[in-house]
There are 2 protein chains.
Amino acid sequence: MATYREADGWEILGDPTRRAIVASLAERPRAVGELAQELPISRPAVSQHLRVLKDAGLVDDEAAGTRRVYRLNPAGVAALRDQLDVFWRRALEGFQETVEQAADEEGRP
Amino acid sequence: MATYREADGWEILGDPTRRAIVASLAERPRAVGELAQELPISRPAVSQHLRVLKDAGLVDDEAAGTRRVYRLNPAGVAALRDQLDVFWRRALEGFQETVEQAADEEGRP
DNA sequence: ACGAACCGTAAGCTACGACTTACCGATGCT
DNA sequence: AGCATCGGTAAGTCGTAGCTTACGGTTCGT
């Protein structure tokens, strides 16, 4: 094999900064500068992450004067979540019962 | 902020090779050499990935003669899955309805 | 029209993760 | 005992993701 590199949704959310951006935008739409202020990185770095998220269809941007407001794209988020679920479903097919059983037994030995 | 680096479950499954290993072990337990044969990387590389997965509690290993059989740890897998769900739940809290609505409308405009 | 605010992009650096080769220990077989 | 198989670990290389600084473009205010 060599083509097991289909789902790159993992790479997108693999970066903690990107996850922080997504979480922040989930709360409410924000401008680039706002995001940069909450995060321990520079503004251009935020821009680059936003570009990745936009290419993935996770966020939409809208010009508002000199500022540019980014917001989460519900459809993109849902699609990504489905994509990640595909891994769990496909990979753990036939293993699911055991997993769920273990999940049930968690916390009460 | 600075401490948004809590959940490292993403880093673990962020690597495509590691995902392939998990998917393979979900099918059935395998020895290190078996895994290396299916993947386009060397055996030591597989060993290193297995170490990461074991440290995360995702796999268990068992000595079988000279071979060492690895299998998925159901509890660990379930725990990881829960951990990832925490992100979705926490991050998208209050955004959930919109997302689910978009998911429903997907494919039938 | 001019300066300020806001942002995207280019260029370059750096740290780290993933991989390789080489070596060594442990187990099984004859 | 001796050889082969299997696997973990060490050491070192390499690519690339993520960051920074520098620069240029666009929009708003006065």
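In what follows, chains are A, B, ... by sequence order, proteins preceding strands, each numbered from 1. As the structure is a computational prediction, the values presented were derived from the model and not from experiment.
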Mind calculating the distance between [atom1] ([X]) and [atom2] ([N]) to the nearest angstrom?
X	N	atom1	atom2	result
B:Glu34	D:dT5	CD	P	17 Å
A:Gln37	C:dA5	CD	P	14 Å
B:Arg30	D:dG7	CZ	P	13 Å
B:Ile21	D:dG7	CD1	P	13 Å
B:Ile41	D:dG8	CD1	P	13 Å
A:Arg19	D:dG18	CZ	P	11 Å
B:Leu39	C:dT20	CG	C1'	15 Å
B:Arg18	C:dC19	CZ	P	9 Å

Residue from A:Arg19, A:Glu34, A:Glu38 passing side chain to side chain donor-acceptor pair (under 3.5 Å) with A:Ser24: A:Glu38
Side chain to side chain, B:Val22 and B:Val59, heavy atoms closer than 4.5 Å: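 B:Val22 does not reach B:Val59 side chain to side chain.
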Side chains of B:Leu80 and B:Leu13: closer than 4.5 Å at any heavy-atom pair?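 Answer yes - side chains close enough.
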A:Asp85/A:Arg90 ion pair, N-O < 4.0 Å: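 Between A:Arg90 and A:Asp85 there is no salt bridge, as every charged N stays at least 4.0 Å from the carboxylate O atoms.
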Result block: side-chain N/O donor-acceptor pairs under 3.5 angstrom for residues 44-55 of chain A, not counting sequence neighbours:
residue: A:His49; atom: ND1; partner: A:Arg18; partner atom: NH1; Å: 3.3
residue: A:Lys54; atom: NZ; partner: A:Asp61; partner atom: OD1; Å: 3.3
residue: A:Lys54; atom: NZ; partner: A:Asp61; partner atom: OD2; Å: 3.2

Tell me whether the OP1 or OP2 atom of C:dC6 has a side-chain N or O from A:Tyr70 closer than 4.0 Å.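 Checking C:dC6 against A:Tyr70, no side-chain N or O comes under 4.0 Å of OP1 or OP2.
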May I ask you to evaluate whether A:Thr17 reaches the phosphate of D:dA17, defined as a side-chain N or O under 4.0 Å from OP1 or OP2? no
Report the relative orientation of the aromatic rings in B:Trp10 and B:Trp88; use parallel for angles under 30°, tilted for 30 to 60°, perpendicular for over 60°.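 Aromatic pair B:Trp10/B:Trp88 classed perpendicular.
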Using heavy atoms and a sub-4.0 Å distance, could you list which residues of residues 60-69 of chain A are near DNA chain D? By number, please.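 By residue number: A:Gly65, A:Thr66.
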Residues in side-chain contact (heavy atoms from CB on, under 4.5 Å) contact with A:Ala56, at least two apart in sequence or another chain: A:Ile12
In residues 42-54 of chain B, which ones come under 4.0 Å of DNA chain C, going by heavy atoms?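 B:Ser42, B:Pro44, B:Ala45, B:Gln48, B:His49 - these, ordered by number, are the residues of the stretch whose heavy atoms sit under 4.0 Å from the strand.
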By salt bridge (Lys or Arg N to Asp or Glu O under 4.0 Å), which residues pair with A:Arg43, not counting sequence neighbours?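 Listed in chain order: nothing, the list is empty.
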Counting only pairs under 3.5 Å, give me each side-chain donor-acceptor contact of residues 70-79 of chain A, with atom names and distances, residues two or more places apart or in other chains.
residue: A:Arg71; atom: NH2; partner: A:Glu62; partner atom: OE1; Å: 3.2
residue: A:Asn73; atom: OD1; partner: A:Ala75; partner atom: N; Å: 3.1
residue: A:Asn73; atom: ND2; partner: A:Gly57; partner atom: O; Å: 3.4

